[in-house]
Amino acid sequence: MSILNLSADATDKLFLEYILPGLNVEIRENTTIYDRFKTDTQHMAGKYAVFKALTASPKSARPSSSTTLPTAKQGTYDEFILYMKRGMYAQLQFDNLALACGKGEGAVMDVLESEIAAITIYMANKLNKQFWGDGSGRLAQLRAASSNSTSVDIDGPLFGQDANDYTNPANYIAEGMGVDIYDTSGNLEAEDVELSTIVDDGDGTATLTMATAVTASNDSYIFDHDTYAASQAAGTGVPQGLSGIIEASDPYTGITETSFQGVDRDTYTWARAQEVDMASVAVTNRKILELVQECEKYGRVNVLITNTPIWNSIYEQWEADKTMPNEKAYWGGTEGLAFYGGRKGKIPIIYDTDCPDNQIFAIDDSVLKVYAPTKNGMTWLPGDNGILTHVQGKDEVVASLVHYYNFGTTKPRALGKLYDVKHAAS
């Protein structure tokens, strides 16, 4: 008999029917990016995803002075393999003491709802940050060495330092989480150190208080505990996010530069996304249009995404310019400003707090896919009874949840970003 006063099979059924659907609903409601892209479950081969990308367009189309049609040329395709990465690992735990606190009909469901509410908010935030990541797993970077101290100063691995309304460089980390610190050569300097407090210093930097003293080098990187991978390997490391996909140079795994989906971006131009430099000034309509035009040589921009400070500066400019209508536009159910330009005519500009700072991303969601073994990417690890495992020596059961996925694109040149964007409107 289980601690829920149900059989082990009945308890397992309750978990399967109630918890996982609730997790998926909550995560979709609390993220901007999750579930906005199509999930490809068809091209899976075990721990890998296999897909074909168009690497060169056919060039047989031309005028002709004769009645003979041009000899047809076929486009060039190549096949690529993506590793599935463990993007999320979580455990739900229930003990007899917690269940005894609930009395009367529905007490078990109340406990389940409380546990789900506690974990789904964190999972939603964590997944959204991962989907914006570059695949390296780097969460922050030390801006000064720490010598046997509990105080660590950081800036962001993807953020610039700007005191004029900026993204908190501790945006990708949270109090209470355990982290590892590696230097720029990949040497472990601190392992599973808990973050006690995070203070935004107000100048584009932040101060962390660690639960135990650490010694670490300047420019060392902070990772989630047990996620660093020196080399890209199946099932290890961090899934690639939008920052790794929408890039003109090769991405990183940990601190090691690696090829993009098996392709050397430095060699092959077709694998590079579009990049337009804003030159550290306030964003202008002309530069946004330039970005859209570059991307639409190869696709169609469906949405422009940036962070909150830059979105606010754009709003401030357009609010002052009465010739520019502040009309609502939508993408994936998210409200935003509308930019008039490009083939679509009206492109929504939305904000996401996890979008890397100083940048505006142009996305054609038809060329982006989330590769995952199952539709939602989430699955339960087998336990003693279905998904449940009894904790040895305790009146507790746990259910372990994993989420395997990786981002991929069949046409990188249809994607792009405007970078070095100043936060203020003027």
Side-chain angles (χ1 to χ4, degrees), residues 32-33 36-38 51-62 73 75-78 131-132 241-249 260-261 263 265 268-279 281-307 310-311 314 317-318 323-332 334-352 355-356 358-370 407-421:
T32 303
I33 300 300
R36 301 291 193 231
F37 302 104
K38 294 180 180 178
F51 72 99
K52 295 182 184 294
L54 178 67
T55 58
S57 300
K59 297 178 176 61
S60 59
R62 63 178 186 269
K73 291 184 178 181
T76 304
Y77 293 83
D78 206 345
F131 274 104
W132 273 112
L242 289 172
S243 292
I245 295 289
I246 305 176
E247 177 62 59
S249 58
F260 168 71
Q261 298 181 179
V263 180
R265 274 176 163 163
Y268 298 100
T269 57
W270 66 264
R272 303 171 194 163
Q274 308 298 322
E275 291 188 345
V276 176
D277 190 358
M278 194 61 242
V281 298
V283 65
T284 63
N285 293 331
R286 185 185 67 80
K287 279 293 186 178
I288 296 177
L289 183 59
E290 182 181 341
L291 172 65
V292 171
Q293 289 171 336
E294 288 297 317
C295 294
E296 291 197 336
K297 294 177 181 177
Y298 305 93
R300 179 167 294 188
V301 177
N302 301 115
V303 65
L304 296 163
I305 311 181
T306 189
N307 67 348
I310 294 175
W311 192 93
I314 295 173
Q317 291 182 63
W318 291 4
T323 63
M324 293 292 293
N326 295 322
E327 186 174 338
K328 294 178 181 179
Y330 298 90
W331 178 77
T334 306
E335 183 176 318
L337 299 171
F339 175 76
Y340 287 82
R343 296 174 183 172
K344 189 174 181 179
K346 185 169 65 173
I347 304 171
I349 303 180
I350 66 172
Y351 64 84
D352 188 323
C355 178
N358 310 114
Q359 300 175 58
I360 298 176
F361 287 78
I363 292 176
D364 179 349
D365 54 20
S366 68
V367 302
L368 276 165
K369 287 186 179 180
V370 178
F407 249 127
T409 178
T410 55
K411 197 184 295 183
R413 304 216 76 182
L415 306 165
K417 65 180 180 183
L418 181 63
Y419 67 97
D420 281 344
V421 179

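- Arg272 meets the side chain to side chain contact (heavy atoms under 4.5 Å, CB included) test with Ala248, Arg265, Thr269; sequence neighbours excluded.
- Taking Ala362 as the reference, Leu291, Cys295, Val301, Leu304 meet the side chain to side chain contact (heavy atoms under 4.5 Å, CB included) condition, with sequence neighbours excluded.
- Scanning both residues, Ala338 and Trp318, for their nearest heavy atoms gives O-CZ3, 3.2 Å.
- Between Val421 and Thr306 there is no side-chain heavy-atom pair separated by less than 4.5 Å.
- For the atom pair CD1 (Ile349) and CD1 (Ile314), the distance works out to 4.5 Å, reported to the nearest 0.5 Å.
- Here the shortest heavy-atom pairing between Gln261 and Ile245 reads OE1-CD1, 3.5 Å.
- Between Trp132 and Ser243 the shortest heavy-atom distance is O-OG, 2.7 Å.
- Shown here are the side chain to side chain donor-acceptor pair (under 3.5 Å) partners of Tyr419, two or more places apart in sequence or in another chain: there are none.
- Counted within 6.0 Å of CZ on Phe51, heavy atoms from surrounding residues, nucleotides or ligands total more than 12; the atom is thus considered enclosed.
- A heavy-atom distance below 4.5 Å is not found between the side chains of Asn285 and Gln317.
- The salt bridge (charged side-chain N to carboxylate O under 4.0 Å, His left out) search around Lys59 returns none, not counting sequence neighbours.
- Closest approach of Cys355 to Asn307, counting heavy atoms only: O-CB, 3.7 Å.
- Between Tyr340 atom OH and Ile347 atom CD1 the span is 11.0 Å, to the nearest 0.5 Å.
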- Task: Might you work through the side-chain contact (heavy atoms from CB on, under 4.5 Å) test for Leu415 and Phe361, ending with a clear yes or no?
- Result: CA-CA 8 Å; Leu415 306 165; Phe361 287 78; over 6 Å; no

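- Counting heavy atoms from C-beta outward, Ile363 and Ile246 have side chains that approach closer than 4.5 Å.
- Note that the CG atom of Asn302 and the CD1 atom of Ile305 stand 10.0 Å from one another [nearest 0.5 Å].
- For Phe407, the ring pair (Phe, Tyr, Trp, His ring centres under 6.0 Å) criterion is met by Phe37, Phe131, not counting sequence neighbours.
- Between Leu242 and Leu368 the shortest side-chain heavy-atom distance falls below 4.5 Å.
- With Asp364 contributing its side chain and Arg300 its backbone, the two residues share a donor-acceptor pair below 3.5 Å.
- No side-chain heavy atom of Pro412 sits less than 4.5 Å from a side-chain heavy atom of Tyr298.
- A distance of 5.0 Å separates CG of Asp352 from CD1 of Ile33, quoted to the nearest 0.5 Å.
- The side chain to side chain contact (heavy atoms under 4.5 Å, CB included) check on Arg286 picks up Thr284, Glu290, with sequence neighbours excluded.
- Residues meeting the salt bridge (charged side-chain N to carboxylate O under 4.0 Å, His left out) test with Lys52, sequence neighbours left out: Glu79.
- Residues Asp365 and Arg36 are not in side-chain contact: their nearest non-hydrogen atoms beyond the backbone lie 4.5 Å or more apart.
- Scanning for side chain to side chain contact (heavy atoms under 4.5 Å, CB included) contacts around Thr55 gives Thr76, Asp78, Phe80, Trp270, with sequence neighbours left out.
- Every side chain to side chain donor-acceptor pair (under 3.5 Å) that Glu247 has, sequence neighbours left out, goes to Ser249, Lys417.
- A distance-only check finds a donor-acceptor pair linking the side chain of Lys287 to the backbone of Asp277 [under 3.5 Å].
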